[in-house]
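Heads up: the structure comes next, in structure tokens.
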Amino acid sequence: MVEQTGAAFIHPYNDPRIIAGQGTSALEMVEDAPPLDLILAPVGGGGLISGTAVTAAGMAPSARVVGCEPERADDAFRSFRDGRLQPVENPDTIADGLRTSLGELPFACMQRHLHDMVTVSEEEIREAMRYVWERMKIIIEPSSAVPVAALLGGHVEAEGATVGIIISGGNVDLDHLPW
């Protein structure tokens with residue numbers, strides 16, 4: 001399309017405009033919720049978590065921002081831990097929206113503004129999806145269940161904290177629910 005029409009290519013996560021746009025999720029949450037101590041978001045290519053971290057740094061600097069990733073697609077976790085980009089290796093996870101490799105620009109934002117990264121198991125992802133469905137009557141996709149799983153699984157210290165979780169989508173085939 002770029003060649004045929006002259007349209008501009010905008011990368012789905014490794015672009016400052018995408019990061020800024022994704023940051024509006026955190027902006028709305030910070031503006032609408034009580035003061036947050038902790039913000040959790042899923043991590044795939046990094047646009048959402050980097051936008052969240054940058055926004056929180058400016059709008060809610062006392063809030064800790066933690067990225068959440070499946071154990072089976074843990075390139076962002078490894079990259080954050082090691083301080084250098086790590087490729088995704090055979091990301092066999094139910095959280096298909098998080099199978100992509102972390103981008104360079106989001107990684108730079110994460111290094112500067114993110115407080116921590118955690119990973120969760122496939123079973124924890126399934127349990128979190130079901131938990132949200134049963135209690136909130138909301139169907140969420142596996143990728144957006146990852147930060148819920150991190151909280152429910154005790155992967156982040158949240159006792160007594162006011163927590164915000166970015167739930168990013170509901171693309172689920174009801175004929176193939178994972179339980």
Side-chain angles (χ1 to χ4, degrees), residues 9-29 39-56 65-81 85-110 113-114 116-134 136-153 155-156 163-179:
F9 174 75
I10 299 176
H11 196 280
Y13 53 84
N14 199 34
D15 186 287
R17 296 165 289 188
I18 296 299
I19 292 170
Q22 295 287 315
T24 62
S25 297
L27 176 64
E28 290 178 23
M29 187 167 46
I39 299 172
L40 305 175
V43 181
L48 178 61
I49 194 62
S50 57
T52 298
V54 168
T55 298
V65 180
V66 177
C68 308
E69 195 172 40
E71 289 173 350
R72 293 185 181 177
D74 69 344
D75 62 305
F77 173 83
R78 291 181 289 111
S79 297
F80 186 76
R81 177 194 66 202
L85 273 174
Q86 302 281 335
V88 67
E89 298 171 3
N90 303 316
D92 180 25
T93 176
I94 189 175
D96 59 344
L98 306 182
R99 291 179 184 160
T100 186
S101 289
L102 184 63
E104 291 179 17
L105 184 56
F107 179 56
C109 293
M110 290 168 60
H113 299 291
L114 192 67
D116 202 2
M117 280 288 308
V118 298
T119 61
V120 298
S121 71
E122 297 298 297
E123 182 59 29
E124 288 174 311
I125 296 168
R126 286 189 289 276
E127 289 172 5
M129 285 179 68
R130 186 175 187 133
Y131 181 91
V132 171
W133 187 14
E134 290 178 343
M136 300 174 70
K137 309 304 182 220
I138 300 171
I139 304 285
I140 62 172
E141 65 188 44
S143 298
S144 65
V146 170
V148 177
L151 183 64
L152 294 176
H155 297 278
V156 292
V163 181
I165 300 176
I166 296 181
I167 296 179
S168 57
N171 298 320
V172 177
D173 181 348
L174 297 181
D175 290 330
H176 296 95
L177 289 172
W179 56 82

Residue pairs passing the salt bridge (Lys or Arg N to Asp or Glu O under 4.0 Å) test with at least one member in residues 15-26, sequence neighbours excluded, are D15-R17
Heavy-atom closest contact (G47 atom, S50 atom, distance): O-OG, 3.2 Å
Considering residues at least two apart in sequence or located in another chain, which fulfil the side-chain hydrogen bond (donor to acceptor under 3.5 Å, both in side chains) criterion with T93? E122
Measure the CG-CD1 distance between L152 and I165 for me, rounded to the nearest 0.5 Å. 7.0 Å
For the student: nearest non-hydrogen atoms of Y13 and I19, plus distance: O-CG1, 3.8 Å
Heavy atoms, side chains only, cut-off 4.5 Å: are P87 and D75 in contact? no
Would you indicate whether the side-chain heavy atoms of L98 and E69 approach each other to under 4.5 Å? no
With heavy-atom distances below 4.5 Å as the criterion, would you say the side chains of L40 and V146 are in contact? no
What are the two closest non-hydrogen atoms of A128 and V148, and how far apart are they? CB-CG1, 3.8 Å
Test item: S101 side-chain N/O and V88 main-chain N/O as donor-acceptor pair under 3.5 Å: yes
Kindly compute the distance separating CG (N90) from CZ (R72), expressed to the nearest 0.5 Å. 11.5 Å
Separation of L114 CG from F107 CZ (nearest 0.5 Å): 10.5 Å
Test of understanding: with side-chain contact (heavy atoms from CB on, under 4.5 Å), list the residues that count as partners of H155, not counting sequence neighbours. V118, V120, E124, A150
For A56 versus V65, what's the shortest heavy-atom pair and its separation? CB-CG2, 3.5 Å
Partner residues of E28 under the side-chain hydrogen bond (donor to acceptor under 3.5 Å, both in side chains) criterion, sequence neighbours left out: none
Residues passing the side-chain contact (heavy atoms from CB on, under 4.5 Å) test with S25, sequence neighbours excluded, are L48, I166
What are the two closest non-hydrogen atoms of H11 and I18, and how far apart are they? O-CG1, 3.2 Å
Value for OG (S168) from CD (E141), rounded to nearest 0.5 Å, stands at 5.0 Å
Check R126 with E123, please: is the shortest side-chain N to carboxylate O separation under 4.0 Å? yes
Of the non-hydrogen atoms in N14 and P106, which two are nearest, and what is the gap between them? OD1-CD, 3.0 Å
Euclidean distance, I49 CD1 relative to C68 SG, rounded to 0.5 Å: 7.0 Å
From D116 CG over to M110 CE, what is the distance, rounded to the nearest 0.5 angstrom? 10.0 Å
Restricting to side-chain hydrogen bond (donor to acceptor under 3.5 Å, both in side chains), what partner residues turn up for E104, sequence neighbours left out? none
Tell me whether T24 contacts the main-chain N or O of G21 through its side chain, where contact means a donor paired with an acceptor under 3.5 Å. yes
